[in-house]
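For reference, the structure is listed below as C-alpha cells.
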Amino acid sequence: MDFRLLIDMLAKANINSEKIYDLVKEASSLDLSKEENQRILIREGAKLANKNLTKEMEDKIILILKEKGISSDLLNYVK
C-alpha cells in the first residue's frame with residue numbers, strides 16, 4: 001500500500017508531522033490485510049485531522065480501500 005498520497009494530504013492539512021510519522025510507524029507494525037487494523041488507522045487519521053467520522057463514512061473508506069487501495073477516489077472522499 002502506498003501511503004505517500006495520504007501523508008501528503010495530512011501534511012497539507014497542517015497536522016503535526018511528528019504525529020503523522022507516529023501513525024505511519026504504527027501502520028507499518030500492523031497487518032493491514034485485516035479490516036480491524038485498517039479501521040484503527042482510519043480512526044486515528046480522522047482524529048489527527050480533527051474530522052468527525054461516522055460509521056457510514058468509515059465503512060465507505062474501507063470499501064474504497066478494498067476496491068482501489070489508496071487512490072485519488074479515496075483522497076477525494078476524505079477531504
Side-chain angles (χ1 to χ4, degrees):
M1 204 179 277
D2 183 3
F3 286 100
R4 287 178 281 165
L5 292 171
L6 190 55
I7 292 169
D8 287 344
M9 185 185 82
L10 291 171
K12 288 176 186 175
N14 199 25
I15 298 170
N16 181 315
S17 61
E18 186 174 314
K19 292 186 183 217
I20 294 171
Y21 290 114
D22 289 344
L23 183 61
V24 171
K25 185 176 179 181
E26 180 181 353
S28 68
S29 69
L30 295 174
D31 179 357
L32 295 178
S33 66
K34 295 184 178 182
E35 186 175 312
E36 185 54 37
N37 290 337
Q38 294 171 4
R39 288 182 183 276
I40 289 168
L41 292 176
I42 290 166
R43 290 179 200 129
E44 290 300 315
K47 284 181 194 175
L48 285 179
N50 294 316
K51 298 283 185 176
N52 293 326
L53 186 67
T54 66
K55 173 79 168 102
E56 292 78 20
M57 292 170 71
E58 187 177 301
D59 291 343
K60 179 67 174 177
I61 292 168
I62 290 294
L63 182 64
I64 293 170
L65 280 171
K66 285 180 180 179
E67 291 177 354
K68 300 180 182 182
I70 295 177
S71 66
S72 58
D73 288 343
L74 174 65
L75 298 180
N76 289 332
Y77 181 75
V78 297
K79 282 185 182 179

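These numbers come from the heavy atoms of this one structure, side chains and all, not from hydrogens, waters or symmetry mates. None of the values given here were measured: they were computed from a predicted structure.
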With a cut-off of 3.5 Å and sequence neighbours excluded, list every side-chain donor-acceptor pair involving residues 39-50.
{"unit_1": "Arg39", "atom_1": "NE", "unit_2": "Glu35", "atom_2": "OE2", "d": "3.0"}
{"unit_1": "Arg39", "atom_1": "NH1", "unit_2": "Glu58", "atom_2": "OE2", "d": "2.7"}
{"unit_1": "Arg39", "atom_1": "NH1", "unit_2": "Asp59", "atom_2": "OD1", "d": "3.0"}
{"unit_1": "Arg39", "atom_1": "NH2", "unit_2": "Glu35", "atom_2": "OE2", "d": "2.8"}
{"unit_1": "Arg39", "atom_1": "NH2", "unit_2": "Asp59", "atom_2": "OD1", "d": "3.0"}
{"unit_1": "Arg43", "atom_1": "NE", "unit_2": "Glu58", "atom_2": "OE1", "d": "3.0"}
{"unit_1": "Arg43", "atom_1": "NH1", "unit_2": "Glu36", "atom_2": "OE2", "d": "3.4"}
{"unit_1": "Arg43", "atom_1": "NH2", "unit_2": "Glu58", "atom_2": "OE2", "d": "3.0"}

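With sequence neighbours excluded, the residues satisfying side chain to side chain contact (heavy atoms under 4.5 Å, CB included) with Glu18 are Asn16, Asp22. Take Ser33 and apply the side-chain hydrogen bond (donor to acceptor under 3.5 Å, both in side chains) test, not counting sequence neighbours, and it matches Asp31. A search for side chain to side chain contact (heavy atoms under 4.5 Å, CB included) contacts involving Ser29 returns nothing, not counting sequence neighbours.
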